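This is a predicted model, so every value here is computed, not measured. Because only heavy atoms are used, hydrogens play no part in the values below, and waters and symmetry mates are left out as well, while side chains stay in. Every chain is numbered from 1 and lettered A, B, ... according to where its sequence line falls, protein lines coming before strand lines.
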Amino acid sequence: MIDLKLIQNSFDSTATALRRKKVDSELIESLKIANENLKTAKLAYESLQAKQNEMSRLFGQYKKEGKSTDELKIEVDANKLLLNELLETQRQAEEALEAIAMRVPNLPDAEVPDGEDENDNVEIQKVLTPPTFEFTPKEHWELAEQNGWIDFERGVKLAKSRFSVVSGIGARLERALINFMLDFNRERGFMEVSVPMLVNRRALEGTGQLPKFEDDLFKVEEEELFLIPTAEVPLTNLYQDEIINAAELPIKMTGYTSCFRKEAGSGGRDVRGMIRQHQFHKVELVAITRADQSDVVFDEMVACASDLLAALGLPHRLVTLCTGDLGFGAARTVDLEVWLPGQNTYREISSVSNTRDFQARRARIRYKEEGKNMLAHTLNGSSLAVGRTMIAIMENFQQEDGSIRIPDVLQKYL
RNA sequence: GGGUCACUGGCAGAGUGGUCGAUUGCACCGGUCUUGAAAACCGGCGAGGGUAACACCUCCCAAGGUUCAAAUCCUUGGUGGCCCGCCA
């Protein structure tokens, strides 16, 4: 959630910033009004509550002194009716505010370039040179089937389209990658955490997937639980509703989970192969920091993911997302795009975001510094999507006969 | 899954309808004493919101309910202990 004080105190600049993220002024205006309504309602309710408390105290005193309470009771009863009305008004004002506020995205950082979509993203850096081939490189699905690594048909048989089965060396490579990434991240100071892959509504609200993006999530109906779309959700929400000692920050975590996404809006994109699946494996990085630490940790996370790719020998580039491509909760995002020779293009394999205090305000993640409670900053980044890393390895390290060379760093994991 | 007992400030632990947001001990912070420390003594000390600062509001696992008034009574849920059943 964005800071409502910003709406209250510096409306114009906040509205301008939000407009960069395609939020229309009307919504911002209604947010301001809803906030003011709540403040008014609260004030009215609380001062009447104070009166009620005072009368109840008197009631007890009268009883003790043996005085008659008949008159007081009439007054107190009348006040209670009014109190209930004001409470209801306040409740409605709260609901109205939340309905709007929870659907307003985060403000982009000032340095984030303006833009409409991914075409306006800005390349920062290329790492490693794409390999040249003396033959026409194949796409990963061809290589995967030829090597017997991935079985797309049987995945569909077991579940539905966009599911697949990985077996043999492919399955072992998948496991090797997960272990390699977790070890790599641990050496960079990220503590490994194993978390639930089903979470409740509150957790998803905390990180911003709900209420707005329920259509993208798989839900276990009877339990009101959801399959996680990313480990960012359980990892960040570990500290939901907590006040952390400032000295313990930054908290840097890494975790491996499966991720589940409905891919509702993706239409017919990437139907072939393993680029876009309903279930995929991912090793994630999450950090909870003090407000003044998040920029440094952000760079650490980008470096961690980029160095991991480099260690695997995978050419890639770093891209700053423009305002139009920025996610709901992100103030700033750097994507890592890996080179895919079969597709002759760079494709996203990791995404590192700083949400600043946006998630922390929703999830109530705070830290105590010199006796004051401050909202933490939260950051998340994929330390590589495992499936897409497999794809990149297949396409970059393919030989003319279709066999695939395994990167040296993975040898000891196989 | 069934039964039963419990859940109170950092910890321990009082409080069973009314000046209780909560006795007390430990821990913690300040002071006196001391060369310094410990001990002893004195004072302070739960949390969230709100305010320029007060005021004020809320919080005794959570959500409802009864009552003028709830930590205290009732209902449901959660978590933990023990017993039974089941399972990896």
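Both distances falling under 3.5 Å, in either a Watson-Crick or a G-U wobble arrangement, place B:A6 opposite B:U79. Nucleotide B:U23: unpaired (no Watson-Crick or G-U wobble partner with both distances less than 3.5 Å). If you check B:A40 for Watson-Crick or wobble pairing at under 3.5 angstrom, you find it paired to B:U32. Pair assignment for B:A14: none, as no Watson-Crick or G-U wobble contacts are both less than 3.5 Å. When Watson-Crick and G-U wobble pairs are counted only if both distances are under 3.5 Å, B:G1 pairs with B:C84. In this structure, B:A55 forms no base pair with any nucleotide, since neither Watson-Crick nor G-U wobble geometry is met with both distances under 3.5 Å.
Whole-Å rounding puts the A:Leu81 CG to B:U67 P distance at 12 Å. Following rounding to the nearest Å, A:Glu54 (CD) and B:A55 (C1') show an atom-to-atom distance of 13 Å. Spacing between atom CG of A:Asn53 and atom C1' of B:A55 amounts to 14 Å, rounded to whole angstrom units. Rounded to an integer number of Å, the gap from A:Leu82 CG to B:C68 P is 17 Å. The CG-C1' distance, from A:Leu83 to B:C68, rounds to 12 Å in whole Å. Between the CG atom of A:Leu87 and the P atom of B:G64 there is a distance of 10 Å, rounded to whole Å. When rounded to the nearest whole Å, the span between CZ of A:Arg57 and C1' of B:U19 equals 7 Å. Atom-to-atom, CG of A:Asp3 to P of B:G49 comes out at 13 Å; the value is rounded to the nearest Å.
To the nearest whole angstrom, the two C1' atoms, one in B:C59 and one in B:A70, are 13 Å apart. Only the C1' atoms considered, B:U72 is 5 Å distant from B:U16, to the nearest whole Å. Using C1' as the reference atom, B:A47 and B:A52 are 23 Å apart when rounded to the nearest Å. Comparing B:A27 with B:G44, their C1' atoms are spaced 14 Å from each other, to the whole Å. The gap from the P atom of B:G49 to that of B:A55 amounts to 16 Å, rounded to the nearest Å. Spacing of C1' atoms, B:C68 relative to B:U76, comes out at 26 Å, to the nearest Å. Separating the C1' atom of B:G15 from that of B:G25 is a span of 15 Å, rounded to the nearest Å. Across the P atoms, B:G46 and B:U67 are found 34 Å apart, a figure rounded to whole Å.
Contacts of A:Asn79 with the nucleic acid, taken as non-hydrogen atoms under 4.0 Å apart, are absent. Counting any heavy atom pair closer than 4.0 Å across all strands shown, A:Ile243 reaches sugar-phosphate atoms only and no base atom.
Regarding contacts with the backbone of B:C68, a side-chain N or O of A:Lys73 is found under 4.0 angstrom from either OP1 or OP2. Contact annotation: A:Arg202 does not reach the phosphate of B:A62 (side-chain N/O to OP1 or OP2, under 4.0 Å).
Ring geometry, A:Tyr256 versus A:His281: the interplanar angle falls from 30° to 60°, so the pair is classed tilted. Ring pair A:His278/A:Phe163 is tilted by interplanar angle, where 30° to 60° counts as tilted.
For the 3.5 Å distance criterion, the side chains of A:Gln209 and A:Asp216 fail to qualify, holding no donor opposite an acceptor.
Nucleotides of RNA chain B nearest to A:Met55 and A:Gly60 differ in position, and the one nearer the 5' end is that of A:Gly60. With RNA chain B read from its 5' end, the first of the two nearest nucleotides for A:Gln49 and A:Lys39 is the one closest to A:Lys39.
The cationic atom of A:Lys212 (NZ for Lys, CZ for Arg) does not lie both less than 6.0 Å from the six-membered ring centre of A:Phe328 and within 45° of the ring axis.
A:Phe358 and A:His377 have their aromatic ring centers separated by at least 6.0 angstrom.
Within the 3.5 Å criterion, the main-chain N or O of A:Val233 finds no donor-acceptor partner in the side chain of A:Thr236.
Considering only the side chain of A:Gln52, B:C68 comes nearest among B:G49, B:C56, B:C68. Nearest to the side-chain atoms of A:Arg366 among the listed nucleotides B:G50, B:G49, B:C57 stands B:G49.
A:Pro113 and A:Val122 get closest at one heavy-atom pair: CG-CG2, 3.8 Å.
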